[in-house]
Engineer: 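Would you mind keeping the following structure in view while I ask a few things?
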Amino acid sequence: MSRRISILGATGSIGQNTIDLIARYPDAYNVVALTGASNIAQLASDAKRLRADVAVTADEDRLEDLRDALQGSGIEAAAGPAAVNEAASRPADWVMSAIVGAAGLAPGMCALEQGATLALANKETLVCAGSLILETAKRHDARLLPVDSEHSAVFQALVGEEMSAVERIVITASGGAFRDWPLEQLATATLAEASAHPNWDMGQRITIDSASMFNKALELIETREYFGVEPSQIEVLVHPESMIHAMVGFRDGALMAHVGPPDMRHAIGYALHWPVRRTLPVERLDLAAIGQLTFRAPDEVRWPALRLAREVMERGGLSGAIFNAAKETALDGFIGGRLGFTKMAEIVQEVLETTDPSHIDAAMTLDNVLHVDHIAREATRSLIEQKTG
Ligand code: NAD
Ligand code: MG
């Protein structure tokens, strides 16, 4: 019987890589739902090609465009955030969570509640609501598989191991676009400069987050939530070549590294076929040709986001949701030309410091997470307003 699959965020970088893998075996998969946002042409063409049951755009105003694009195909069209949740709730065996930002949280919860295996590329889900997500998965007997390359690498290095034998987890970072820039130039970095990643081809938001290391900051929190280790057990290592994605250090001194090309189809494919390994269309590394791999300690002056992530992990509660919402809003400010590159971390820090502690200490329910997300976005917008007038 073919596996029922849904892809949330199908039109993005992760979504398209997922489609690349499943489209190779059309008989193996039965596509239930594909969701997207503004790229209606891509969404409709993939829905037709994969013969999905339903295609959903998160943008309420684009329903007619989607209907037009799907005309005659027999594929159902829907629009708006509630329709994305409804699509994620449709019975499926495997659901890819590849929406960008906290917008991926509620649909991911819906997929877990119907008992699907959730392949989690959307790291914001665990950053905002780690314990809630893990409990929801447990309650519904649903499985959560990591797709972020570092977390997939750790997950693979842990196969057959006891967590009690783990001393530390090392996640690597390329260092992004500004790894080698003089510090004093960072404040003047432009959008185009921040949007060019040296190794990975990803969506624009995560690419800029790589340059600021907000991406790695989110991944530190994601590591803590997914693997249940203490913050002091997680290290970031700058590794410009992006070949080693993560390492797990065990109590006998062994360090198990996961080495592979910077191609997300590996981590997606591992989650798609787990627990078995299937042949994947990724480059085989020729280490002799590569010659050497290099490493450096991360610099918290260059990348203050790393320090902020440590503060968030110590604070706990809903501070992850506040951190992420402030980060997303500051990033909007940078993309919109209102905020300088280094101002993003300053503003996020200020939001963290000025948020009423009662919000951080509220119970972790989906409603509370969405509420603090809203409050933090408002607070960030008003700070940006104040500073840029
Ligand atoms: P992207 O910007 O390329 O794609 C985002 C997808 O989300 C698109 O399908 C878009 O239509 C949809 N979307 C955007 N806003 C939405 C909203 N408000 N509601 C519903 N859908 C919305 O992003 P990406 O690079 O594919 O990243 C997706 C997620 O995967 C992010 O959480 C990112 O951090 C994570 N991730 C990406 C990579 C990568 O290589 N691109 C690697 C690791 C983790
Ligand atoms: Mg990653």
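Everything quoted here is computed from the prediction, not taken from an experiment. Counting convention: from 1, in listed order, for ligands and their atoms alike.
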Engineer: Verify whether one side chain among Gln114 and His140 offers a donor that lies under 3.5 Å from an acceptor in the other.
Structural biologist: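 Side chains of Gln114 and His140: no pair found under 3.5 Å.
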Engineer: Does Ser13 reach ligand 1 with a nitrogen or oxygen that is under 3.5 Å from one of the ligand's nitrogen or oxygen atoms?
Structural biologist: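 There is such a contact, yes.
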Engineer: Just wondering, are more than 12 heavy atoms of other shown residues or ligands nearer than 6.0 Å to CZ in Arg143?
Structural biologist: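 Count not over threshold, so no.
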Engineer: Taking 4.0 angstrom as the limit and counting only heavy atoms of Met202, give me the atoms of ligand 1 inside it, by number and element.
Structural biologist: 39 (C), 40 (O), 41 (N)
Engineer: With a 4.5 Å cut-off on side-chain heavy-atom distances among I, L, V, M, F, W and Y, is there a chain of contacts connecting Leu145 to Ile5?
Structural biologist: no
Engineer: Tell me the nearest of Ala37, Ala103, Gly15 to atom 11 (O) of ligand 1, using heavy-atom distances.
Structural biologist: Ala37
Engineer: Passes ring-ring contact (aromatic ring centres under 6.0 Å, His included), Phe155 versus Phe227? Steps please.
Structural biologist: CA-CA 9 Å; Phe155 187 68; Phe227 298 104; 7.1 Å; no
Engineer: Determine whether the side chains of Glu86 and Ser89 contain a donor N or O and an acceptor N or O closer than 3.5 Å.
Structural biologist: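 No donor-acceptor contact under 3.5 Å links the two side chains.
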Engineer: In the protein, which heavy atom is nearest to atom 4 (O) of ligand 1, and how far is it?
Structural biologist: Gly12 CA, 3.1 Å
Engineer: Could you list the donor-acceptor pairs under 3.5 angstrom formed between side-chain atoms of residues 244-262 and any protein atom two or more places apart in sequence or on another chain?
Structural biologist:
{"residue": "His245", "atom": "NE2", "partner": "Met243", "partner atom": "O", "Å": "3.4"}
{"residue": "His245", "atom": "NE2", "partner": "Gly260", "partner atom": "O", "Å": "2.9"}
{"residue": "Arg251", "atom": "NH1", "partner": "Ser164", "partner atom": "O", "Å": "3.4"}
{"residue": "Asp252", "atom": "OD1", "partner": "Ala254", "partner atom": "N", "Å": "3.1"}
{"residue": "His258", "atom": "NE2", "partner": "Gln156", "partner atom": "OE1", "Å": "3.2"}
{"residue": "His258", "atom": "NE2", "partner": "His266", "partner atom": "NE2", "Å": "3.2"}

Engineer: Does even one non-hydrogen atom of Gly36 get within less than 4.0 Å of ligand 1?
Structural biologist: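 Yes, Gly36 has a heavy atom closer than 4.0 Å to ligand 1.
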Engineer: Out of all atoms in ligand 1, which are within 4.0 Å of some heavy atom of Gly203? Include the element for each.
Structural biologist: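 In order of number, 3 (O), 25 (O), 41 (N).
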Engineer: Centres of the His239 and Phe295 rings: under 6.0 Å?
Structural biologist: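 When the ring centroids of His239 and Phe295 are compared, they turn out to be within the sub-6.0 Å range.
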Engineer: Out of Asp59, Ile99, Leu8, Ile206, whose heavy atom is nearest to atom 31 (C) of ligand 1?
Structural biologist: Ile99
Engineer: Determine whether any heavy atom of Arg205 lies closer than 4.0 Å to an atom of ligand 1.
Structural biologist: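 Arg205: no contact with ligand 1 (<4.0 Å).
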Engineer: Only heavy atoms count here, so choose which of Glu150, Glu124, Met96 is nearest to atom 32 (O) of ligand 1.
Structural biologist: Glu124
Engineer: How close does the nearest protein non-hydrogen atom get to atom 34 (O) of ligand 1, and which residue and atom is it?
Structural biologist: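 Checking every protein heavy atom, the shortest distance to atom 34 (O) of ligand 1 gives Lys123 CE, 3.1 Å.
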Engineer: What is the closest protein heavy atom to atom 10 (C) of ligand 1, and at what distance does it sit?
Structural biologist: Thr11 OG1, 3.9 Å
Engineer: Using a 4.0 Å heavy-atom cut-off, which part of Ala58 comes near ligand 1: side chain, backbone, both, or neither?
Structural biologist: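 The side chain, only.
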Engineer: Does the side chain of Glu241 come under 3.5 Å of the side chain of Gln292 through a donor N or O and an acceptor N or O?
Structural biologist: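 No, because no side-chain N or O of Glu241 sits under 3.5 Å from a partner of the opposite role on Gln292.
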Engineer: Side chains of Thr57 and Asp59: do they bring a donor and an acceptor to under 3.5 Å?
Structural biologist: no
Engineer: How about Lys48: does its NZ atom have over 12 heavy atoms from other parts shown lying under 6.0 Å from it?
Structural biologist: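 More than 12 within 6.0 Å, yes.
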Engineer: So is Asn122 in contact with ligand 1, going by heavy-atom distances below 4.0 Å?
Structural biologist: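 Within the 4.0 Å threshold, so yes.
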Engineer: Counting only heavy atoms not in Arg168 (residues, nucleotides, ligands), do more than 12 fall under 6.0 Å from its CZ?
Structural biologist: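 No, CZ of Arg168 has 12 or fewer neighbouring heavy atoms, counting only those of other groups under 6.0 Å.
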Engineer: Which ligand 1 atoms does Ala98 reach within 4.0 Å, using its non-hydrogen atoms?
Structural biologist: 5 (C), 6 (C), 7 (O), 28 (C)
Engineer: If you count heavy atoms of other groups shown closer than 6.0 angstrom to NE2 of His273, is the number above 12?
Structural biologist: yes
Engineer: Listing by chain and number, which protein N, O or S atoms are under 2.8 Å from the Mg ion (ligand 2)?
Structural biologist: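 The answer is Asp148 OD1, Glu150 OE1, Glu219 OE2.
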Engineer: Between the side chains of Thr329 and Asp332, does any donor sit under 3.5 Å from an acceptor?
Structural biologist: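 Looking only at side-chain atoms, Asp332 and Thr329 do not form any donor-acceptor pair under 3.5 Å.
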Engineer: Considering only NZ, NE, NH1 and NH2 on the basic side and carboxylate oxygens on the acidic side, decide whether Arg381 and Glu385 come within less than 4.0 Å.
Structural biologist: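 Not counted as a salt bridge, because no side-chain N and carboxylate O are separated by less than 4.0 Å.
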Engineer: What is the nearest protein non-hydrogen atom to atom 43 (C) of ligand 1, stated with its residue, atom name and distance?
Structural biologist: Asp148 OD1, 3.1 Å
Engineer: Going by the atom numbers of ligand 1, which of them fall below 4.0 Å from some non-hydrogen atom of Ala121?
Structural biologist: 30 (O), 32 (O), 35 (C), 36 (N), 44 (C)
Engineer: Looking at non-hydrogen atoms alone, which of Asn39, Val100, Ile14 comes nearest to atom 14 (C) of ligand 1?
Structural biologist: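 Of the listed residues, Val100 has the closest heavy atom.
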Engineer: Number the atoms of ligand 1 from 1 as they appear, then name those within less than 4.0 Å of a heavy atom of Gly9, with their elements.
Structural biologist: 6 (C), 7 (O), 9 (O)
Engineer: Classify the side-chain pair Thr11/Asn39 by whether it contains a donor and acceptor separated by less than 3.5 Å.
Structural biologist: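 Short answer, no.
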